[in-house]
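Take a look at the structure below.
Proteins get letters first, then strands, A, B, ... in listed order; numbering begins at 1 in each. Quick caveat, the model's predicted, so the values are computed rather than measured.
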Number of protein chains: 2
Amino acid sequence: MDKLQRNERVSALIKILCDSPGKIFTLGYFAEMFGSAKSTISEDIDIAGNTLKRFELGNIETIPGAAGGVRLMPFLGRGRVHEVLHSLCGELSKSERILPGDYIYMLDIICDPERISKIARIFAGHFFSQGVDYVVTVETKGIPLAFETAKHLNVPLVIVRHYNEATDGSSVNINYVSGSSKKIQTMVLSLKALRRKSRLLFIDDFMKGGGTAKGILELAKEFDCEVAGIGVLIETARPQKKLVDNYFSLLTLNEVNEAKDLIDIKPSISWV
Amino acid sequence: MDKLQRNERVSALIKILCDSPGKIFTLGYFAEMFGSAKSTISEDIDIAGNTLKRFELGNIETIPGAAGGVRLMPFLGRGRVHEVLHSLCGELSKSERILPGDYIYMLDIICDPERISKIARIFAGHFFSQGVDYVVTVETKGIPLAFETAKHLNVPLVIVRHYNEATDGSSVNINYVSGSSKKIQTMVLSLKALRRKSRLLFIDDFMKGGGTAKGILELAKEFDCEVAGIGVLIETARPQKKLVDNYFSLLTLNEVNEAKDLIDIKPSISWV
């Protein structure tokens, strides 16, 4: 193989880090791949990392020691967070999204890969320091966002279901009360799905009363796991008191009013 | 801003292309961002593209003309496809995955972000030339794979559901017959979900009789859309005759036998 130039090495290096966000690669891995000294790779990483930081594109972390290496950290610069959330509010405020019963149509938003990828990077950056082992969601609408968050945190996704299926194997059922409608619902999770003593991040698209999140806290107990974080894309302003205390929401839905042709939604984060 | 060096420009450029796979960026976009001439950017792109090709990491396409630019094409090199599919077969063949009724436990696989991302790149690469407008899946287990495939094709995902919800708005229901169990099931899709005359790619994790895929063909008709491709992660060897003719499967499940403690699964693609 011809000797690689620095700009060739950084091209390959960044692509590899992007393909597996959060995964640790040793310097030796790149040294062998490129036929270069580890000191050279180390300089390559500095250049790549500084450039990503300069353009608010990402953050490459160097982990020292024998098990060390480099990884792409989940990150979205403040300017981009501002842009993403205000663009979402603009899109979600369109009155044609109002559905009967003062619901909002948002299936297109929660299935839009580019938007979801950016939102997931906000969640992954926020919860990274919690050291979570799994991202958990309840089917169906939060799955794309939860999957993408899990990807940026380099942990598996776990999907909690409403009904048991033969392909789940033996499972745990819990009943929980919806926070808003007060209806009793069921959550089902395969016994194989979680290692005991794990730390979970619950991600969902929407929180009204917080009943689903509370159900996840109960379910976690049955698996001897801990919920280390709760992230929701949209929370409703009412009821103000949710069934869970600590959660991180990106947008607050103040009002949907079909009669007034109005949707009032704002970023929840104070600095946005 | 200091003048950027080539290795800094290619670092930022590759990260931007990776963050939005399939999306077209103009040379002018990068020229403005980096304060460089378009001819310089064009050389940067050549270097980045040649390096990705050399390491089988990806494929940067240059689109000529006024609406032109560059984009990261969905791609996984043949060597990597081989590695991904054989690793999957190894993992799925483990006899502890056998569930009562000769089912396989595979929830961990279909929720593993790194594996799913690679599998999605195989599908996206295979179907890219079909010019699809949407990736469609039926809830629940195929959602991560379908979402990731949509991301690499730079098109929206559409999730077909089994029950109508208030947040879907007005919807179309169709009944279809499961190919294996012959049970009648329902598919529901919001009327807002698809533009008429679109081309759809149906992605699912599993195909036995092909009833779900046939249901999607029926549903597409109701929306005046066309199914341009069907991709499934695993098909069963029996029944050999499925309810749909043209589909692309990655793995073939020949046998699950609890009594013999055996799972026999092989890549479906001849050259793997």
Checklist outcome for this item: Under 4.5 Å to a heavy atom of chain A? For L157(B) that would be both
Next on the checklist: Using a 4.5 angstrom heavy-atom cutoff, name the option from G169(B), S117(B), G49(B) with the most pairs to chain A.
Outcome noted: G169(B)
Next on the checklist: Looking at chain B, which one of L13(A), D112(A), I110(A), L52(A) has the largest number of heavy-atom pairs inside 4.5 Å, strictly under?
Outcome noted: L52(A)
Item to check | Engaged part of A146(B) at the chain A interface, taking heavy atoms whose separation is under 4.5 Å | outcome: neither
Next on the checklist: Could you work out, with ring-ring contact (aromatic ring centres under 6.0 Å, His included) as the rule, every residue matching Y29(B), not counting sequence neighbours?
Outcome noted: F25(B)
Next on the checklist: Please identify, among R161(B), E148(B), M106(B), the residue contributing the most non-hydrogen atom pairs under 4.5 Å to chain A.
Outcome noted: E148(B)
Item to check | chain B contacts, top residue of G22(A), P100(A), C18(A), P144(A) (heavy-atom pairs, under 4.5 Å) | outcome: P144(A)
Item to check | Choice from F147(A), F206(A), Y103(A) maximising heavy atom contacts with chain B below 4.5 Å | outcome: F147(A)
Checklist entry - Excluding sequence neighbours, so at least two apart, what forms salt bridge (Lys or Arg N to Asp or Glu O under 4.0 Å) with K192(B)? => result none
Checklist entry - Is it the case that K141(B) and T167(A) place a side-chain donor and acceptor less than 3.5 Å from each other? => result yes
Checklist entry - Side-chain contact, heavy-atom cut-off 4.5 Å: F75(B) with R121(B)? => result no
Checklist entry - Among L107(B), T140(B), I143(B), N50(B), which residue forms the greatest number of heavy-atom pairs with chain A at distances under 4.5 Å? => result T140(B)
Checklist outcome for this item: Pair count under 4.5 Å, heavy atoms only, with chain B: among E165(A), R9(A), R115(A), R6(A), highest is R6(A)
Checklist entry - Considering only heavy atoms from C-beta outward, does the side chain of V138(B) approach that of F202(B) to under 4.5 Å? => result yes
Next on the checklist: Using 30° and 60° as the class boundaries, would you call the ring planes of F55(B) and F34(A) parallel, tilted or perpendicular?
Outcome noted: perpendicular
Checklist entry - With only heavy atoms counted, which part of S11(B) is less than 4.5 Å from chain A, the side chain, the backbone, both or neither? => result both
Checklist entry - Would V232(B) and D205(B) count as a side chain to side chain contact (heavy atoms under 4.5 Å, CB included) if you check the C-alpha gap in whole Å, the side-chain angles of each, and the deciding distance to 0.1 Å? => result CA-CA 5 Å; V232(B) 293; D205(B) 59 318; over 6 Å; no
Item to check | Candidate pair L4(A) and R54(B), rule side chain to side chain contact (heavy atoms under 4.5 Å, CB included), full reasoning | outcome: CA-CA 11 Å; L4(A) 289 169; R54(B) 177 169 170 175; 3.4 Å; yes
Next on the checklist: Contact between I98(A) and I104(A) at the side-chain level, heavy atoms closer than 4.5 Å - yes or no?
Outcome noted: no
Item to check | chain B contact via E56(A) - side chain, backbone, both or neither, heavy atoms under 4.5 Å | outcome: neither
Item to check | Residues K94(B) and E91(B) bridged, charged N to O under 4.0 Å | outcome: yes
Next on the checklist: What I want to check is whether the side chains of T186(B) and N173(B) have a donor and an acceptor closer together than 3.5 Å.
Outcome noted: no
Checklist outcome for this item: Residues passing the salt bridge (Lys or Arg N to Asp or Glu O under 4.0 Å) test with K23(A), sequence neighbours excluded, are E114(B)
Item to check | Residue V135(B) versus chain A: region with a heavy atom under 4.5 Å | outcome: neither
Checklist entry - Hey, which residues of residues 40-48 of chain A are touching chain B, say heavy atoms under 4.5 Å apart? => result I47(A), A48(A)
